[in-house]
Amino acid sequence: MPDMLTRRELITRLGAAVAVAHGAGALSTLLDVTPADAQAPPLDALNGLLAFVVPGPDAFSVAQGVTDQGPGGVDA
C-alpha cells in the first residue's frame with residue numbers, strides 16, 4: 001500500500017483545506033463582493049434607462065446630468 005496517507009498527512013491536508021475555505025469566506029466578507037445588479041431594484045434600473053432615453057425633470061435624469069422641462073420617460 002504505497003499510495004496510502006499517514007494520519008499525520010491526512011490531518012495536515014484537512015487542516016489546510018479548512019483554512020483555505022475559511023480564508024475564502026472571510027475574504028468575500030471583507031471585500032463585500034456583491035454584484036451591482038443585485039443591489040439595485042429592477043424598477044430603478046428601468047427608470048434609469050427611461051431617463052437616459054427620454055430625459056425629464058425627475059431625479060434619474062438629474063443624476064445623469066441631462067434634464068428637460070417637459071415630462072420624461074419616468075413620468076410616463
Under 3.5 Å, side-chain donor or acceptor atoms of residues 66-76 against the rest of the protein: list the pairs with distances, not counting sequence neighbours.
from	atom 1	to	atom 2	distance (Å)
D75	OD2	G72	N	3.2

Minimum heavy-atom distance between A51 and F60, given as atom pair plus value: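 Here A51 and F60 meet closest at CB-CB, 3.6 Å.
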
Closest non-hydrogen atom pair, M4 against E9: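 Closest approach of M4 to E9: O-OE1, 4.4 Å.
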
All side chain to side chain donor-acceptor pair (under 3.5 Å) counterparts of D58, not counting sequence neighbours: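 Side chain to side chain donor-acceptor pair (under 3.5 Å) list for D58, sorted by chain: S61.
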
ILVMFWY cluster membership beyond V62 - transitive side-chain contacts under 4.5 angstrom: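 The other cluster members (ILVMFWY side chains, heavy atoms under 4.5 Å, direct or chained): none.
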
Q64 (side chain) donor-acceptor with A59 (main chain) under 3.5 angstrom: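 Such a contact is absent between Q64 side chain and A59 backbone.
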
By side chain to side chain contact (heavy atoms under 4.5 Å, CB included) - contacts of R8 (at least two apart):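 Counting only residues at least two positions away or on another chain, R8 forms a side chain to side chain contact (heavy atoms under 4.5 Å, CB included) with T6, T12.
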
Contacts of type side chain to side chain contact (heavy atoms under 4.5 Å, CB included), residue L14, not counting sequence neighbours: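 Partners of L14 by the side chain to side chain contact (heavy atoms under 4.5 Å, CB included) criterion, ordered by chain and then number, come out as L10.
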
